[in-house]
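This report refers to the structure that appears directly beneath it.
Throughout, numbering of the chain's residues begins at 1 and tracks the sequence. All values derive from a computational prediction rather than experimental measurement.
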Amino acid sequence: MLFFILLCLLLGLLLGGGYYAYRYAFYSPKAGREDLPVHKGKQYEPHLDEIARLLQTILDRPCEFVSVISYDGLTLSGRYYHVADGAPLDIAFHGYRSAGLTDFCGGAAISQEMGHNLLLVDQRAHGKSQGRTITFGIKERYDVLTWVQYAVERFGKDTKILLYGISMGASTVLMASELPLPENVKGIVADCPYSSPMKIIQSVARKKRIPAAATAVFSWAGAKVYGGFDVLESDPVRAVRNAKVPILLIHGESDGFVPCDMSGEIQRANPMQVFRCTFPGADHGISFLVDPERYRHIIKEFCGKVLST
C-alpha cells in the first residue's frame with residue numbers, strides 16, 4: 001500500500017512538474033503573438049536605431065502572404081518578397097518566441113543586395129501560423145521540408161534554395177539537414193544555433209538556479225505528455241553528422257543566451273561539411289549589427305560558392 005501511495009505521489013509530481021515545464025517552455029497562446037516583438041535587453045540598446053531603420057526598410061517592401069499545410073495539418077504562414085524571376089530563393093526561419101521581420105531585418109537587406117527572392121516564415125505556434133506548441137525544432141524541421149517542397153512546386157525544379165535560421169530557427173534548419181531535402185537546397189546558414197533542445201533548456205534553467213537533472217526530467221515529461229513530442233528525438237549535432245549540403249555557422253563570442261561553443265560542437269560533428277565564423281563582442285543574434293561589413297562578406301562569399309557548384 002505504501003509503495004502504491006509513493007508511486008502515485010511520484011507520478012503526480014512528474015505530471016505536475018511536466019505541466020509547469022510545458023507551459024513555461026513549450027506552450028504558445030494564440031493571444032499576444034506579435035509580428036514585431038520588442039527587442040529587450042541591454043545588448044540591443046546600442047543598435048536600436050539601426051534595427052528600427054532596417055525594420056522600416058523591410059516593412060516598406062511589398063510582400064505576398066503565403067501559406068502551406070504542415071505534415072500534421074497546421075496552416076503555416078509566411079511573407080514572400082519577390083526580386084527577380086528565376087533568382088535564388090532564401091527561406092528564413094526565426095527564433096524562439098520571435099518573428100521573421102525582426103530577426104531577419106538585416107538578413108533581408110543582404111538577401112536583396114544579392115538579388116535573391118526571400119520567404120520569411122512564421123514558425124508553427126508563432127505569428128500567423130497555427131499551433132500551440134513550440135517544439136524547439138523537433139517538429140519544425142519537417143516544416144522546413146514542407147516549405148522547400150512548396151518553393152520547388154511554385155518556382156520550379158531549377159530554383160536554387162538557401163535555408164537560413166537564427167537561434168531556434170538556426171537549430172531547426174540544421175535538424176532538417178538530415179532529412180531528404182531536394183537537390184534544390186544548395187546551402188544552410190545557421191546563426192547562433194544551440195546544439196540540442198535539451199541542452200539549451202538546461203542551460204537557461206541553470207541560469208535561474210534550477211537543477212539540470214530536474215529540468216531534464218520535467219521538460220521531457222511535459223513535452224511528451226502535453227506537447228505530443230519527444231524533446232530528445234533529434235538535435236543539430238546528430239543531424240549535421242548526416243548533412244549532405246554545405247553549412248555556414250555564425251555565432252557571437254559573447255552570446256549570453258546560447259553559449260558560443262554550442263556551434264563549435266555542431267561544427268566538430270562534421271568538419272568537412274560545416275564552416276564556422278565567430279564574432280568577438282557579439283551577443284545573441286546580433287553579430288550582423290556588431291560587424292555588418294564582415295557579416296555581409298561572409299554570407300555573400302558562402303552563397304557565391306554554394307550557388308556556383
Side-chain angles (χ1 to χ4, degrees), residues 35-36 39 44 46-66 78-95 98-122 144 147-148 151 154-156 158-167 169-170 173 184-193 245-252 275-282 284-309:
D35 286 340
L36 300 172
H39 287 86
Y44 297 112
H47 310 289
L48 289 178
D49 289 343
E50 179 63 6
I51 291 172
R53 185 190 70 80
L54 291 167
L55 186 55
Q56 191 58 53
T57 299
I58 191 171
L59 288 172
D60 289 341
R61 290 176 62 182
C63 75
E64 175 191 353
F65 289 93
V66 297
R79 290 174 169 83
Y80 172 66
Y81 296 85
H82 186 76
V83 173
D85 293 344
L89 175 67
D90 300 335
I91 308 179
F93 297 81
H94 62 75
S98 192
L101 287 175
T102 48
D103 282 1
F104 287 98
C105 57
I110 299 174
S111 177
Q112 189 175 28
E113 290 169 12
M114 292 189 295
H116 295 186
N117 298 321
L118 173 65
L119 177 58
L120 289 185
V121 169
D122 282 350
V144 174
W147 281 111
V148 169
R154 174 171 174 176
F155 301 110
D158 295 326
T159 301
K160 295 181 179 181
I161 297 172
L162 293 161
L163 300 178
Y164 290 79
I166 189 166
S167 194
V173 295
N184 303 69
V185 177
K186 301 301 182 182
I188 295 173
V189 179
D191 189 328
C192 57
V245 298
I247 295 170
L248 170 63
L249 301 180
I250 293 174
H251 215 136
F275 309 90
R276 179 173 178 257
C277 296
T278 62
F279 282 70
H284 187 64
I286 60 172
S287 293
F288 171 75
L289 296 168
V290 169
D291 193 345
E293 291 310 311
R294 178 172 177 243
Y295 196 100
R296 277 187 168 90
H297 174 76
I298 289 169
I299 294 290
K300 291 179 180 180
E301 184 178 50
F302 176 77
C303 292
K305 288 180 180 178
V306 300
L307 292 175
S308 65
T309 58

Are any of the side-chain heavy atoms of Leu101 and His94 separated by less than 4.5 Å? no
Are the side chain of Asn184 and the backbone N or O of Ile161 linked by a donor-acceptor pair below 3.5 Å? no
Heavy-atom nearest pair, Ala170 first then Cys192, reads CB-C, 4.5 Å
Here the gap from Glu50 atom CD to Tyr44 atom OH, rounded to the nearest 0.5 Å, amounts to 15.0 Å
Of all heavy-atom pairs between Gly106 and Leu54, which one has the smallest distance, and what is that distance? CA-CD1, 4.0 Å
Taking C-beta and beyond as the side chain, do Arg276 and Ile247 meet within less than 4.5 Å on heavy atoms? no
Would you call Val189 and Val173 a side-chain contact if the rule is heavy atoms closer than 4.5 Å? no
Under the criterion side chain to side chain contact (heavy atoms under 4.5 Å, CB included), I'd like the reasoning laid out for Trp147 against Val66: C-alpha separation, chi angles, the key distance, then a yes or no. CA-CA 10 Å; Trp147 281 111; Val66 297; 4.0 Å; yes
If every non-hydrogen atom of Leu248 is compared with every non-hydrogen atom of Cys277, which pair is closest and at what distance? CD1-SG, 4.3 Å
Side chain to side chain, Asp191 and Tyr295, heavy atoms closer than 4.5 Å: yes
As an exercise, state the distance from CG of Asp103 to CD1 of Ile166, rounded to the nearest 0.5 Å. 5.0 Å
In Å, rounded to the nearest 0.5 Å, how long is the span from CZ of Phe288 to CZ of Arg294? 14.0 Å
Residues, nucleotides or ligands: over 12 heavy atoms within 6.0 Å of Asp60 CG: yes
For Gly304 against Ser308, the heavy-atom pair lying closest together: O-OG, 3.1 Å
To the closest 0.5 Å, what do you measure between CZ (Phe302) and CG (Leu307)? 9.0 Å
Do the side chains of His251 and Phe279 get nearer than 4.5 Å, heavy atoms only? no
Between Leu163 and Val148, is there a side-chain heavy-atom distance shorter than 4.5 Å? yes
Here the pair of heavy atoms bringing Val290 nearest to Pro280 is CG1-O, 4.0 Å
What class does the angle between the rings of Phe104 and Tyr164 fall in, given that below 30° is parallel, 30 to 60° is tilted and above 60° is perpendicular? perpendicular
Report yes if the side chains of Ile250 and Ile299 come closer than 4.5 Å at any heavy-atom pair, otherwise no. yes
Starting from the C-alpha separation in whole Å, work towards a yes-or-no answer on side chain to side chain contact (heavy atoms under 4.5 Å, CB included) for Leu162 and Cys303. CA-CA 8 Å; Leu162 293 161; Cys303 292; 3.6 Å; yes
I'd like a table of donor-acceptor pairs (distance under 3.5 Å, sequence neighbours excluded) in which one partner is a side-chain atom from residues 108-121, with atom names and distances.
| from | atom 1 | to | atom 2 | distance (Å) |
| --- | --- | --- | --- | --- |
| Ser111 | OG | Asp90 | OD2 | 2.7 |
| Glu113 | OE1 | Arg296 | NE | 3.1 |
| Glu113 | OE1 | Lys300 | NZ | 2.9 |
| Glu113 | OE2 | Arg296 | NE | 3.1 |
| Glu113 | OE2 | Arg296 | NH2 | 3.0 |
| His116 | ND1 | Asp90 | OD1 | 3.0 |
| His116 | ND1 | Asp90 | OD2 | 3.2 |
| Asn117 | OD1 | Val83 | N | 2.5 |
| Asn117 | OD1 | Ala84 | N | 3.0 |
| Asn117 | ND2 | Tyr80 | OH | 3.4 |
| Asn117 | ND2 | Ala84 | O | 2.9 |

The reported gap from CD1 in Ile188 to CD1 in Ile91 (rounded to nearest 0.5 angstrom) is 11.0 Å
How close do Phe275 and Pro246 get, counting heavy atoms only, and between which atoms? CE1-CB, 4.4 Å
I need the His47 NE2 to Arg53 CZ distance, nearest 0.5 Å. 13.5 Å
